[in-house]
2 protein chains.
Amino acid sequence: SVTPEEVQESIRSIKRKIAVMSGKGGVGKSTVTALLALSLAKRGEKVAIFDADFLGPSIPRLFGMDNERLNISEGRFVLPESRIYGIRVLSIQFLLPEKETPVVWRGPMIIGVMNDLLAKTDWRGVDYLIFDLPPGTGDAPLTLMQSVRLDGVVIVTSPNDLTSMIVEKALNMAKMMNTHVLGIVENMSYFQCPHCGERSYIFGEKKSRRLAEKYGIEVIAEIPLDPDLPRIADAGQIESYDLDHFPDFSF
Amino acid sequence: SVTPEEVQESIRSIKRKIAVMSGKGGVGKSTVTALLALSLAKRGEKVAIFDADFLGPSIPRLFGMDNERLNISEGRFVLPESRIYGIRVLSIQFLLPEKETPVVWRGPMIIGVMNDLLAKTDWRGVDYLIFDLPPGTGDAPLTLMQSVRLDGVVIVTSPNDLTSMIVEKALNMAKMMNTHVLGIVENMSYFQCPHCGERSYIFGEKKSRRLAEKYGIEVIAEIPLDPDLPRIADAGQIESYDLDHFPDFSF
Ligand SMILES: Nc1ncnc2c1ncn2[C@@H]1O[C@H](COP(=O)(O)OP(=O)(O)O)[C@@H](O)[C@H]1O
Ligand SMILES: Nc1ncnc2c1ncn2[C@@H]1O[C@H](COP(=O)(O)OP(=O)(O)O)[C@@H](O)[C@H]1O
Ligand SMILES: [Zn+2]
């Protein structure tokens, strides 16, 4: 397997490396990763996404790349690009026989493959690399924070105490690993009924503001529940989503 | 650390052992685990829950047991019981200094602790043991299916393609490990607006029926989005939830 120096050498040319994490699954981490990538790509940046959620890869589906394969040129992986904005995607799914195949791997296997993919991919021309991390604070986030000097991490949460409590573990992990927290994205903040226009706070209300104050960080965005998102995600057309929830995001 | 025989010996007295898994995080696996436990406890069964989601334990919060500790008697762990129905809970959270402390463990550590807790807990008198599994198909579900002869597994999903695709990996894992699938619970099926009574299918519609047909399994329950659930979960009072979504569940 590859050495940490080989990983560092391979990713040296990338200008910015950030990770999107949560600790809690299902809060919309992959969706936020895709929307963040889209916002940066629309400004003319060259963006790549590393779908590091090996056990539940969903980035390929969002971009309609379910059936892509990884090509090799001059001994390095060449990443497929999204249809409209040319966002490059690296996902374990491109190495699986079928997308329904479970990756039933123990931790050490995940670490080895992650470092392999980082070292053997051609990252030339990439301005931003965004890592979509799996839920939890286990092997994948740990390996990443140890192998890669991240410029920052974006934390995704939903507006309730239970989720905030688990997301706090991810915040504390980032602090322990001296990784800069760029801010919090609160997702599924409320639901606006399409029939009568009333708002319902299904998962709770404004809990992320408290979390942000406690840790002295910024709330980057509050994204409401939007039935268009699962619909266009299922159709593989996240690039057609018009709203930009990250117009001022930069660092 | 303990041997597989010691684990088998310790859990031998438990009548039924089932796991609740999903593959995808945030679909409501812990909530469904708690509601299933409640349904069985209300029928007079003695129920225990093993919160095997080490990186994001949420069962203690649901039952208002955030500040519980594990006691030891005659060299074995004695589990705390819930206030109203005496549901016993085993969670890594009871061993952590604070609930915001992240468990930043690699796979092998999780496996060791899991087998330790199974072997060293006093399970006498327990009719049903329900495992709440973490998202993914990694170390924890793998260890469980190898160490414990499960009577069955309940799969939790939400009504959209992306989630179904990842949940399918969990279904295939159960098949690979010869673990019987008891059925599918579709959660967050729709939202009924409290103001005008109209239904919105925020995450999609009826996708789980297709999944169930494809694998020849039953849909055990379809649970709508209910703002009471996050509210009473945050308050630690899941036992006060009146609706029983599992009246006919038995095996
Ligand atoms: N703001 C939102 N409104 C509606 N659905 C959303 C929103 N954000 C995410 N979703 C949906 O919720 C589910 C979980 O999102 P996903 O990005 O896969 O979460 P994670 O990566 O945290 O597991 C997906 O079906 C996705 O389409
Ligand atoms: N049917 C439901 N209606 C409303 N909120 C729900 C429902 N099921 C779960 N939730 C909420 O969704 C979040 C995720 O649920 P949880 O049980 O923690 O999922 P998982 O264990 O799959 O990560 C929690 O805030 C929970 O309160
Ligand atoms: Zn309405």
Side-chain angles (χ1 to χ4, degrees), chain A residues 23-28 30 53-58 61-62 66 99-108 110-111 134-139 141-142 158 160-163 165-166 168-173 176-177 191 193-196 198 200-204 207 225-227 230-231 233-234, chain B residues 23-28 30 53-58 61-62 66 99-108 110-111 134-139 141-142 158 160-163 165-166 168-173 176-177 191 193-196 198 200-204 207 225-227 230-231 233-234:
Chain A
K24 181 97 182 109
V27 293
S30 300
D53 188 351
F54 282 18
L55 306 179
S58 50
R61 165 60 67 107
L62 295 179
D66 262 344
K99 56 182 188 295
E100 296 81 10
T101 314
V103 169
V104 181
W105 290 355
R106 294 216 178 268
I110 289 178
I111 299 159
T137 48
D139 288 298
L142 191 53
S158 78
N160 76 53
D161 286 339
L162 177 77
T163 301
M165 182 186 98
I166 295 174
E168 236 181 298
K169 292 174 189 278
L171 272 168
N172 285 326
M173 178 184 191
M176 276 161 60
M177 310 289 291
F191 177 67
C193 174
H195 304 284
C196 69
E198 291 283 341
S200 291
Y201 291 87
I202 296 175
F203 295 110
K207 298 272 164 53
L225 272 163
D226 177 356
R231 195 172 49 67
D234 279 353
Chain B
K24 181 100 182 108
V27 292
S30 300
D53 189 351
F54 282 18
L55 306 179
S58 48
R61 164 63 65 107
L62 295 180
D66 262 347
K99 54 182 189 297
E100 295 81 11
T101 313
V103 169
V104 182
W105 290 356
R106 294 216 179 268
I110 289 178
I111 300 160
T137 47
D139 287 299
L142 191 52
S158 78
N160 76 50
D161 285 339
L162 179 76
T163 300
M165 181 186 96
I166 296 175
E168 234 179 303
K169 291 174 189 277
L171 272 167
N172 285 326
M173 178 185 191
M176 275 160 62
M177 310 289 290
F191 177 66
C193 173
H195 304 284
C196 70
E198 289 286 339
S200 291
Y201 290 87
I202 296 176
F203 295 111
K207 298 273 165 53
L225 272 163
D226 177 357
R231 194 172 49 68
D234 280 353

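Order of the sequence lines fixes the chain letters, A, B, ..., with proteins taken first and strands second; residue numbering starts at 1 for each chain. Source: prediction; values computed, not measured.
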Of A:E100, A:E168, A:R61, the largest count of non-hydrogen pairs under 4.5 angstrom with chain B goes to A:E100
What residue in A:I111, A:I166, A:L142, A:D139 has the most heavy-atom pairs under 4.5 Å with chain B?
-> A:D139
Most contact-rich option vs chain A, by heavy-atom pairs under 4.5 angstrom, among B:V103, B:L225, B:L171, is B:V103
Quick one: does B:K169's side chain have a donor or acceptor within less than 3.5 Å of a partner on A:T101's backbone?
-> yes
Top residue by heavy-atom pair count (under 4.5 Å) with chain B, among A:A170, A:P135, A:S200?
-> A:S200
Partner chain B: residue of A:K207, A:E198, A:K99 with the largest heavy-atom pair count (under 4.5 Å) = A:E198
Who passes side chain to side chain contact (heavy atoms under 4.5 Å, CB included) against B:N160, sequence neighbours left out?
-> A:P230, A:D234, B:S158, B:L162, B:T163, B:F203
Could you look at A:V27 and say if it's the side chain, the backbone, both or neither that has a heavy atom under 4.5 Å from chain B?
-> neither
Set of residues satisfying side-chain hydrogen bond (donor to acceptor under 3.5 Å, both in side chains) with respect to B:S58, sequence neighbours excluded | B:S30
Given a strict heavy-atom distance threshold of 4.5 Å, which part of A:R231 is in contact with chain B: side chain, backbone, both, or neither?
-> neither
Quick one: of B:I110, B:D226, B:L55, who has the most non-hydrogen atom pairs under 4.5 Å with chain A?
-> B:L55
Among the listed options A:G204, A:C193, A:P102, A:G107, the residue most often paired with chain B at heavy-atom distances under 4.5 Å | A:P102
Proximity breakdown for A:D66 and chain B, heavy-atom pairs closer than 4.5 Å | side chain
A:F54 portion near chain B, given a 4.5 angstrom heavy-atom threshold = neither
Out of B:P194, B:G56, B:A233, B:P108, which one racks up the most heavy-atom pairs below 4.5 Å with chain A?
-> B:G56
Winner by heavy-atom pair count (cut-off under 4.5 Å) against chain A, out of B:R106, B:K24, B:M176 = B:R106
Bottom line for A:M177: the part with an atom under 4.5 Å from chain B's heavy atoms is neither
At a heavy-atom separation under 4.5 Å, does A:P57 approach chain B through its side chain, its backbone, both, or neither?
-> both
